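First the structure, in the form of structure tokens, and then the observations on it.
Order of the sequence lines fixes the chain letters, A, B, ..., with proteins taken first and strands second; residue numbering starts at 1 for each chain. All values derive from a computational prediction rather than experimental measurement.
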Amino acid sequence: MVNLLVATHAVIGILAIFAFLLVFVELLDSKEKTAKRVKAFALIGTILIFVSWIVGGYYYVTYYGPDVKPLIKEGASPWIHSVVMETKEHVFLFLPFLAILATGMIFSSNAELLKNHKTKLAVLMLCALIILIGLAITGMGFLISTGARYVGAG
Amino acid sequence: MKLNIKSLNYSTILTIWLIVVLTILGELSNSFKTFLTASTGHHWVSKGMFSLIFFVVVYFMISKSVKDRADSPNWAINAIIATILAGIIIFGFYLWHFTP
């Protein structure tokens, strides 16, 4: 059950990153016919970020905090929780709002997104930031899972 | 769906900074962390809930007074800079907080 929750949280998070990667790629060579796909991928990515937030949050509050955190903090590498996990859980909170901003801009700009170079560049940069933060968080999650297994909690 | 992009950018930037303040204050003040924990049962859940409510309230408040303009998407650059700075501050804070 615990491993299933961690895996679900991670897979949904990776799918969210992938959705914003698709938005980025579609926008690079955007045409009238790709506009619908850009909107769909942005909306899917935002929903997945919220689902990942709920699943990851449930695991964090129910299992990680009471069972895993004390073992990591008492182990040989307490920085895995004190620095990596603390940074991950708080920086993650930026993602839902950045995703809403990017998706809101995509839905509101419509044809402007294809014509206006500055609008397109702003959305591209937002997507790139979401992807980079997502990848950094995935890496931190891998480090935390490794730390948990090392202390016998994974 | 037509949103006020300038307000959306403002509310994103302010919410990012609210998360930084809640995070750091929660670590430095025991009474504030107790308040966060008492609000929802877990301090991290409270930070998320407060941020979400704050984001929605600030968006609607600002969109009433700020008109959307053609240059509004440029404000996303400010949201990007705020996010990068906020991320560095949170990582730096925990690094400093952990170092004996």
Side-chain angles (χ1 to χ4, degrees), chain A residues 39 43 50 53-54 56-58 60-62 64-66 73 78-110 112-113 116-130 132-133 136-137 140, chain B residues 1-5 7-20 22-24 26-27 40-45 47-52 54-56 59 68 70-84 86-99:
Chain A
K39 284 181 180 176
L43 193 62
F50 274 85
W53 189 5
I54 293 165
Y58 178 75
Y60 175 72
V61 171
T62 314
Y64 179 87
K73 287 192 88 169
W79 55 270
I80 288 179
H81 173 80
S82 303
V83 179
V84 180
M85 185 56 166
E86 293 283 13
T87 302
K88 178 183 183 275
E89 71 186 59
H90 291 103
V91 169
F92 177 88
L93 293 176
F94 299 164
L95 284 178
F97 305 106
L98 292 172
I100 292 173
L101 177 61
T103 307
M105 285 178 71
I106 288 166
F107 274 77
S108 298
S109 47
N110 286 321
E112 191 71 17
L113 192 62
N116 190 327
H117 179 70
K118 281 187 174 175
T119 306
K120 188 172 157 178
L121 186 67
V123 176
L124 276 171
M125 287 174 74
L126 264 176
C127 289
L129 185 67
I130 292 167
L132 289 175
I133 292 177
I137 282 175
M140 286 189 246
Chain B
M1 188 175 71
K2 184 77 180 165
L3 294 168
N4 185 320
I5 298 304
S7 304
L8 204 57
N9 272 293
Y10 276 132
S11 49
T12 303
I13 293 166
L14 290 171
T15 305
I16 298 284
W17 289 119
L18 176 77
I19 293 166
V20 173
L22 291 176
T23 302
I24 294 176
E27 295 296 335
T40 60
H42 198 285
H43 65 92
W44 183 75
V45 176
K47 287 171 197 167
M49 294 296 287
F50 289 164
S51 304
L52 204 54
F54 179 83
F55 177 79
V56 174
Y59 170 76
D68 219 4
D71 70 334
S72 294
N74 300 350
W75 276 83
I77 305 301
N78 296 328
I80 291 165
I81 293 168
T83 305
I84 294 168
I88 292 169
I89 289 170
I90 286 179
F91 174 68
F93 172 77
Y94 279 113
L95 204 59
W96 167 80
H97 202 239
F98 173 72
T99 310

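With a 4.5 angstrom heavy-atom cutoff, B:Ile84 touches chain A only via side-chain atoms. Only the side chain of B:Ile19 comes within contact range of chain A, judged by heavy atoms closer than 4.5 Å.
The distance from the OG1 atom of B:Thr83 to the CD1 atom of A:Ile133 is 6.0 Å, given to the nearest 0.5 Å. The CD1 atom of B:Ile80 sits 6.0 Å away from atom CG of A:Leu129, with the distance rounded to the nearest 0.5 Å. Taken to the nearest 0.5 Å, the CG atom of B:Leu8 stands 9.5 Å off from the OG1 atom of A:Thr103. Summarising the geometry, atom CE belonging to A:Met125 is positioned 4.0 Å from atom CD1 belonging to B:Ile77; distances are rounded to the nearest 0.5 Å.
Atom CZ of B:Phe54 has more than 12 neighbouring heavy atoms from other residues, nucleotides or ligands inside a 6.0 Å radius.
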Checklist entry - When you look at A:Phe50 and B:Leu52, which way does the side chain to side chain contact (heavy atoms under 4.5 Å, CB included) test go after all the steps? => result CA-CA 11 Å; A:Phe50 274 85; B:Leu52 204 54; 4.1 Å; yes

Using a 3.5 Å cut-off and no angle test, enumerate the donor-acceptor pairs between side-chain atoms of residues 86-100 of chain A and protein atoms at least two apart in sequence or in another chain.
unit_1	atom_1	unit_2	atom_2	d
A:Glu86	OE2	A:His81	NE2	3.3
A:Thr87	OG1	A:Val83	O	2.6
A:Glu89	OE1	A:Tyr60	OH	2.7
A:Glu89	OE2	A:Tyr60	OH	2.9
A:His90	ND1	A:Glu86	O	2.7
A:His90	ND1	B:Tyr94	OH	3.4
A:His90	NE2	B:Lys47	NZ	2.8

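Of all heavy-atom pairs between B:Ala76 and A:Leu126, the closest is CB-CD1, 4.0 Å.
Between A:Val84 and B:Phe98 there is no side-chain heavy-atom pair separated by less than 4.5 Å.
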